[in-house]
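The sequence lines fix the lettering, A, B, ..., with proteins before strands; numbering per chain opens at 1. Worth saying up front: this structure is predicted, and the values here are computed from it rather than measured. The figures that follow rest on heavy atoms only: side chains count, while hydrogens, waters and symmetry mates do not.
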Protein chains: 2
Amino acid sequence: MNIKDIARLSGVGVSTVSRVVNNHPDVKKETREHVLNIIKEYNYIPNSSARVLKQISTKNIGILIKGIFNPFLSEMVSIISKKIQFEGYTMLLQHTEVEEDDIESTLRFIKERKLQGVICLGGKFNDIQEDTFKHIDVPIILTSINLPVAMNNKQHVSIIDINNEEAAYKAVNYLIEKGHKDISIMICDEKEAASLERYKGYCRALEESNIPFDKENVLKGHYLMEKAYEETIKLLQNKKPTAIFAVSDSMAIGVAKAITDSGLQIGQDISIVGFDGMDIAQYYTPTITTVKQPREEMAKLSADLLFEQLNGNKQSISILLDADLIEGNSCIEI
Amino acid sequence: MNIKDIARLSGVGVSTVSRVVNNHPDVKKETREHVLNIIKEYNYIPNSSARVLKQISTKNIGILIKGIFNPFLSEMVSIISKKIQFEGYTMLLQHTEVEEDDIESTLRFIKERKLQGVICLGGKFNDIQEDTFKHIDVPIILTSINLPVAMNNKQHVSIIDINNEEAAYKAVNYLIEKGHKDISIMICDEKEAASLERYKGYCRALEESNIPFDKENVLKGHYLMEKAYEETIKLLQNKKPTAIFAVSDSMAIGVAKAITDSGLQIGQDISIVGFDGMDIAQYYTPTITTVKQPREEMAKLSADLLFEQLNGNKQSISILLDADLIEGNSCIEI
DNA sequence: TTGTACGCGTTATCAC
DNA sequence: GTGATAACGCGTACAA
């Protein structure tokens, strides 16, 4: 069932059917209705591949999101999608596998789908070069993606992110100011970019306060509740820090449970600071002190920037937002 | 930059380029390498629209998932995707908006992308008719989707779900057996299908034990932590049930926090049962008793069934799995 | 082993 | 207001 069939069945030409399907005004009312009836009757649905192939401008914006399961990024998608719809564009959402090369995927995505612009949420772009996107003439926004600082502002992309190092620094300093000296950190692993930046912030805070670094205090939770739980249980069998800083809220929950299960009290015995500002931090008991990433702002900024560039303002910029500490009841002064 | 350009630049015909791109064996080694170099040099990426348009069988399996943010469904996607890859197919993931007509979307998805099969995760298919998918000759699996019982096994689709009514019935009975008589329920709203089924199970359990139904005991949390929290706070200002059954774990967390914030103790004062079996139920303090949906099994079954049908076994079936209660520490005997 | 030519389903251009 | 027809970029049968 294609456009030709419908044309034949309706007794009109293919162009008329095309006009009806695309809501062009220059079709007689009766003709339009008749064709619509036939379309309805035979369940005709235009082949999108053929359309994209033929169309010059698709009015498609791509969203490339790392992984299928990331509540943090998901929430930003909904905000962005509203803006895209409002502007009369269509959003194409695509996920990338964890191992996938994100630069390659972005390039593919743009060319394959004839996109007018892309927003990438999360992912690794470490191998980005000055000329990586040189031949691409559509705006690219990298949101919540950690980039080598040297690249900022230099290539044909914009960057919206928080200052991970600084945010983590503030969080750890908060603990230090409360008198904590033996502070563990739950990172993802040695490689993950955001986790690494936060780890650097942790190190800097310790250093500035002349607190010796203890490598036993570094735990790897892979952003998983379960792994964070296990690692914390293990840690507590050997030593008892006065505070644990987890670089994600999900890991903070794992840490919290491990503390409770070890017969200790959150806050009283061991203070906890998380990272992200997910709802659960606020609804856990006790509420978890966490570094809140300005998700809404990042999402809005990304979408606005994209359309500004689409509408002529060709400037690529790079913005690092601040992330503020939201105090809960998981930390005490000692 | 298209296949013709590459052919010209490589000094070969388009078919040779096509063969190289698609890894066909019948190309001389040097020719292949030469063409690959040109492709690399000019960053050529084949236009997927043109490919799909031309291809007869795409070896594409579609996954249609309701909403962008649903941890429960996301986890199933990863399991299904592995099977699809293993079978040498490609997975196309598409999200549907909350208000979208899911039947329409499924039909669109299949025709637009020339799919070999679809798995729908979540969504509303209430308007499904016996002949809705009559003209579709590819397998359709509806997973975690509540369907009017009368439709089971009758049309051209398979259904994998849990028995929501029964599972909820068991959960509420568990509370009743522990001596609870004043049991509140936190539903999504009056319309959402799964929530409705679970609500029915709640009613049946009360009825069978001759516990009078109190409409004050029905709260609407819209599957949101925040909403569930607010509604519970409101409830507790008027009355104090001995137990609350939330039809999702996220709402159970909201309920839990509200209880704590009202100066009451979870379990001791008010027992809680959740639904879904999300990680957080296990990592909350106290652990939340919850009805665990067999996500892995549902996902595996869906994928296996799809490929069985693809490989000739054309039977459509409908399977309702059991969901078991996982005991935590959020309920006491009274 | 390689090249030519046609058709996939649609939209855009032009003629009527 | 409507219809014929040439692209869009690719895969493939068939010819060489």
Say whether, by atom type as modelled, one donor and one acceptor occur between the side chain of A/Lys111 and the main chain of B/Asn43 under 3.5 angstrom.
yes
Let me know the distance between OH of B/Tyr44 and C1' of D/dG9, rounded to the nearest Å.
7 Å
For the side chain of B/Gln309 and the backbone of B/Gln315, is there at least one donor-acceptor N/O pair under 3.5 Å apart?
yes
Please say which of A/Ile140, A/Ile80, A/Leu142, A/Leu305 ends up in a side chain to side chain contact (heavy atoms under 4.5 Å, CB included) with A/Ile119.
A/Ile80
d(A/Ile45 CD1, B/Glu104 CD) to nearest 0.5 Å is 5.5 Å
I'd like to check the side-chain contact (heavy atoms from CB on, under 4.5 Å) partners of A/Ile319; sequence neighbours left out, ordered by chain and number.
A/Ile160, A/Leu301, A/Ile317, A/Leu321
Could you list the residues that satisfy side-chain contact (heavy atoms from CB on, under 4.5 Å) with A/Asp102, not counting sequence neighbours?
A/Lys66, A/Thr96, A/Lys124, A/Phe125
Going by the rule ring-ring contact (aromatic ring centres under 6.0 Å, His included), which residues pair with A/Tyr89 if we only count those two or more places apart in sequence or in a different chain?
A/Phe307
Return a table of donor-acceptor pairs under 3.5 angstrom between the side chains of residues 6-19 of chain A and protein atoms on other chains or two or more places apart.
residue : atom : partner : partner atom : Å
A/Arg8  : NH2  : A/Asp5  : OD1          : 2.8
A/Ser10 : OG   : A/Ile6  : O            : 2.6
A/Ser18 : OG   : A/Asn22 : ND2          : 3.4

Out of D/dT12, D/dG1, D/dG3, minimum distance to the side chain of A/Thr16 belongs to D/dG3
Salt-bridge test for B/Lys300 and B/Glu296: reply yes if a basic N is under 4.0 Å from a carboxylate O, no otherwise.
no
Report the C-alpha distance between B/Glu75 and A/Phe69 in whole Å, list the side-chain angles of each, state the deciding distance to 0.1 Å, and finish with yes or no for side-chain contact (heavy atoms from CB on, under 4.5 Å).
CA-CA 7 Å; B/Glu75 201 181 302; A/Phe69 172 57; over 6 Å; no
For DNA chain D, find the residues of residues 2-10 of chain A with a heavy-atom distance under 4.0 Å and give them by number; none if there aren't any.
none
Contact between A/Pro139 and A/Leu306 at the side-chain level, heavy atoms closer than 4.5 Å - yes or no?
yes
With sequence neighbours excluded, tell me which residues meet side-chain contact (heavy atoms from CB on, under 4.5 Å) with A/Gln85.
none
Can you give the first and last nucleotides of DNA chain C, 5' to 3', that have an atom under 4.0 Å from a heavy atom of chain B?
C/dT1 to C/dG9
Output the residues of residues 28-37 of chain B in contact with DNA chain C, where contact means a heavy atom of the residue under 4.0 Å from an atom of the strand; sort by number or write none.
B/Lys28, B/Thr31
Angle by which the axis turns from one end of the helix from C/dT1-D/dA16 to C/dC16-D/dG1 to the other, five pairs per end, to 10 degrees
40°
Tell me, do B/Ile65 and B/His95 make a side-chain contact under 4.5 Å, heavy atoms counted?
yes
Please work out if A/Asn47 contacts a base, only the sugar-phosphate, or nothing of the nucleic acid, heavy-atom cut-off 4.0 Å.
sugar-phosphate
Distance, rounded to the nearest Å, where B/Asn22 contributes CG and D/dT12 contributes C1':
10 Å
Interatomic distance where NZ belongs to A/Lys111 and P belongs to D/dC10 [whole Å]
11 Å
Might you work through the side-chain contact (heavy atoms from CB on, under 4.5 Å) test for B/Thr106 and B/Ile136, ending with a clear yes or no?
CA-CA 10 Å; B/Thr106 308; B/Ile136 302 293; over 6 Å; no
Give every pair of a protein N or O atom and an N or O atom of nucleotides 4-6 of chain D that lie under 3.5 Å apart, one pair per line with the distance.
residue : atom : partner : partner atom : Å
D/dA4   : N7   : A/Ser15 : OG           : 3.2
D/dA4   : N6   : A/Ser15 : OG           : 2.7

Hits for side-chain contact (heavy atoms from CB on, under 4.5 Å) against A/Gln94, two or more places apart or cross-chain, chain-then-number order -> A/Leu64, A/Phe109, A/Arg113
Contacts table for residues 28-39 of chain B: side-chain donor-acceptor under 3.5 angstrom, sequence neighbours left out:
residue : atom : partner : partner atom : Å
B/Arg32 : NH2  : B/His24 : O            : 2.6
B/Asn37 : ND2  : B/Glu33 : O            : 3.4

Sugar-phosphate only, base, or nothing, as touched by B/Val21 at under 4.0 Å among non-hydrogen atoms
nothing
Rounded to whole Å, CG of B/Asp26 lies from C1' of D/dA16 at a distance of 15 Å
